[in-house]
Q: 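Below: one structure in structure tokens.
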Amino acid sequence: MDFRDKVIYQIYPKSFYDSDNDGIGDLRGIIEKIPYLAKLNIDMIWFNPFFVSPQKDNGYDIADYRAIDPRLGTMEDFEELVAKLKEHRIEVMLDMVFNHTSTKHEWFQKAMKGSKKYQDYYIIRDAKANGDPPTNWTSKFGGPAWEKFGNTDQYYLHLYDKSQADLNWRNPEVRSELYQVINFWMEKGVKGFRFDVINVTGKDERLVDAKPGEESKFLYTDKPVVHDYLKEMNRESFGKAAGTITVGEMSSTTIQNSIRYTNPDHHELTMVFNFHHLKVDYQNGEKWTKTKFDFMKLKQILDDWQSGMAKGNGWNALFWNNHDQPRAINRFGDPGEYRVKSAQMLATVIHLLRGTPYIYMGEEIGMIDPDYQVIREYDDIEATNAYHMLLEKGLSESEAFDIVHTKARDNSRTPMQWSDKEHAGFSEHRPWLKPTNYKEINVEKALKEGSIFNYYQKLIQLRKHYRIVSHGGYESFLMDHPDVFAYVRTYKNQKLLVLNNFFKKNTIVAIPDRYLGLSSQVLISNDDRKTFEKQMILRPYEAIACLLTDGESGEQNV
Ligand code: GLC
């Protein structure tokens, strides 16, 4: 089994299960829920950071890469977690946040105390002659990307919050320190690494202002030097252990670069996350807006990436949800009447594409955005900053709230809904973030009803069973259809036709003659459909995948 056969599950540890009833999820809580995870038959778990951190950005502000935040557990807990998961053949992927450290990290603290060595670990520059920050770059969380460096006339760069100081990747000592961190965790049995915003590490020595109308991110994102860094990192750390799976989080990347990041001949990463398909509900590319998603654009992006990456022998991470995105059902499906069907349809799209599927906790039971009523209920620094930015722009409180409500990252960070008991069965204590719709949506109910959870189990099974799913090629299909995202997977004498109706209405699909007359088998359907026909009326949010075989039956994994 290699990475192509695997399915990865993502756990946001603060919100998975609270074993000690302090309102925050923890590692022992995850250990308790291993039987649930094993039931889904996933192969690896990506854990969001649980390292020592002031939690200004929920653990993405790391103060010690080698120690566990005591609120979430101990090193012994972690070791037990790795060992117990291994008994179920589940591997561990850790989140390496290497673009920046917390300003509470000892490297930054030593830099503040005057150490030249550690000052060169960060990106510290003189102010402009008039005292302004060195460049006009803006932070991704709002405001300037520079903060005064102690009592000096200098500034340090922070592309994210001011408590997250960017590391100086041009310094080989910094890179070497980071590779040692990977090696440390590999020795503890970690088999996968996710590299946080890794393609913003390639900053130039001389930093320049963005021109009027130019976004500052293009001055430092996806630069050629990132390939050199990744090749070196691969050589010095995870590349030494065959079978390690790596995924880079790539902000504003291109297909061309993503092929270079992931084509095995380049020895960089196994796969990448890109986000183009999750911006089709941004008005003019702006996140803090509210608009319906552009379906034809979504199709085009998914198709371009599938075709392009296949052609260059690159590899995609496939996903709708993660801890930074509102729930996909709210964006591309129907959280009301058709919640189950649309959850199944969205899952079908991702799981049968070419690449490695990721399931974000709660997705497998169809969790949706929380129904918050007031801005106080949101916790995330990005959401609260955005709310104030929108008010400053002149929006009314209710307009600003409405946008935050649909776009906040907290939407996916609410506690896992285990049951209809108080606090969603996540904890006996009031959780750090409030769960809301758990009376209707929870694990207990989902397992009893069997609809979404079982459907995910089945999709995972298909990847393990059919080489056409795990290893097959990709062909575009019905690109002009206004309601259906369809595609064809190919392998030897087989074709897998996948049809997904993205809307709340019936729609007709005419199957071209070249696909008729072959032996056909419906592999999965969320509508109990048993046969494949020339003319099909797909019902609201219907998804179906049909395997066509020309001649002898095709090869399977087992
Ligand atoms: C990534 C993480 C996000 C975090 C940011 C800064 O985008 O997924 O949660 O805020 O990097 O580390």
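Predicted model only: the values in this text are computed from it and were never measured. Read the numbers this way: they start at 1 and go in the same order the structure lists the ligands and their atoms.
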Q: May I ask you to say whether Asp61 pairs ionically with Lys56, meaning some side-chain N is under 4.0 Å from a carboxylate O?
A: no
Q: Tell me which protein heavy atom sits closest to atom 8 (O) of ligand 1, plus the residue, atom name and distance to 0.1 Å.
A: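 Heavy-atom neighbour on the protein nearest atom 8 (O) of ligand 1: Asp324 OD2, 2.5 Å.
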Q: In terms of atom number and element, which parts of ligand 1 are under 4.0 angstrom from non-hydrogen atoms of Arg409?
A: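 Checking each atom against Arg409, I get 3 (C), 4 (C), 9 (O), 10 (O).
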Q: Using a 4.0 Å heavy-atom threshold (strictly under), name the region of Glu249 that reaches ligand 1: side chain, backbone, both or neither.
A: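 The answer is the side chain of Glu249.
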Q: Please check if the side chain of Glu249 supplies one atom and the backbone of Asp196 the other of a donor-acceptor pair under 3.5 Å.
A: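 Side chain of Glu249 to backbone of Asp196: no pair is present.
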Q: Could you grab the distance from atom OH of Tyr122 to atom CG of Leu157, nearest 0.5 Å is fine?
A: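 It is 12.5 Å, given to the nearest 0.5 Å.
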Q: Measuring from non-hydrogen atoms of His100 to any atom of ligand 1, is the shortest distance under 4.0 Å?
A: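 Yes, His100 has a heavy atom closer than 4.0 Å to ligand 1.
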Q: Could you list which atoms of ligand 1 come closer than 4.0 Å to a heavy atom of Tyr160?
A: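 Counting atoms of ligand 1 from 1, those under 4.0 Å from Tyr160 are 5 (C), 6 (C).
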Q: May I ask you to identify, for Phe141, whether its side chain, its backbone, both or neither come under 4.0 Å of ligand 1 on a heavy-atom basis?
A: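 The answer is the side chain.
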Q: Are Lys33 and Trp418 in a cation-pi contact, defined as NZ or CZ under 6.0 Å from the six-membered ring centre and within 45° of the axis?
A: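 Ring-cation test returns yes.
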Q: I need the contact type for Gln325 against ligand 1. Using non-hydrogen atoms and a strict under-4.0 Å cut-off, is it side chain, backbone, both or neither?
A: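 Under 4.0 Å from ligand 1, Gln325 contributes no heavy atoms.
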Q: Backbone, side chain, both or neither: what part of Glu382 comes under 4.0 angstrom of ligand 1, heavy atoms only?
A: neither
Q: Please list, in number order, the atoms of ligand 1 under 4.0 Å from a heavy atom of Arg413.
A: 9 (O)
Q: Looking at Asp22 and Arg430, is there a salt bridge between them, counting it only when a charged N and a carboxylate O are closer than 4.0 Å?
A: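 No salt bridge links Arg430 with Asp22.
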Q: Starting from atom 11 (O) of ligand 1, which protein heavy atom do you reach first, and at what distance in Å?
A: Asp196 OD1, 2.9 Å
Q: Are Tyr36 and Phe453 near enough that their ring centres are under 6.0 Å apart?
A: yes
Q: Side chain or backbone of Lys56 under 4.0 Å from ligand 1, or both, or neither, by non-hydrogen atoms?
A: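 Neither part.
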Q: Can you list the ligand 1 atoms lying under 4.0 Å from a non-hydrogen atom of Val197?
A: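 Counting atoms of ligand 1 from 1, those under 4.0 Å from Val197 are 1 (C), 7 (O), 11 (O).
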Q: Nearest to atom 4 (C) of ligand 1, what protein heavy atom do you find, and at what distance?
A: Asp57 OD2, 3.3 Å
Q: Counting only heavy atoms not in Glu79 (residues, nucleotides, ligands), do more than 12 fall under 6.0 Å from its CD?
A: yes
Q: Is the ring centre of Trp432 less than 6.0 Å from the ring centre of Phe426?
A: no
Q: Under a 3.5 Å cutoff, is there a donor and acceptor pairing between the side chains of Ser251 and Lys217?
A: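 No - no donor-acceptor pair under 3.5 Å links their side chains.
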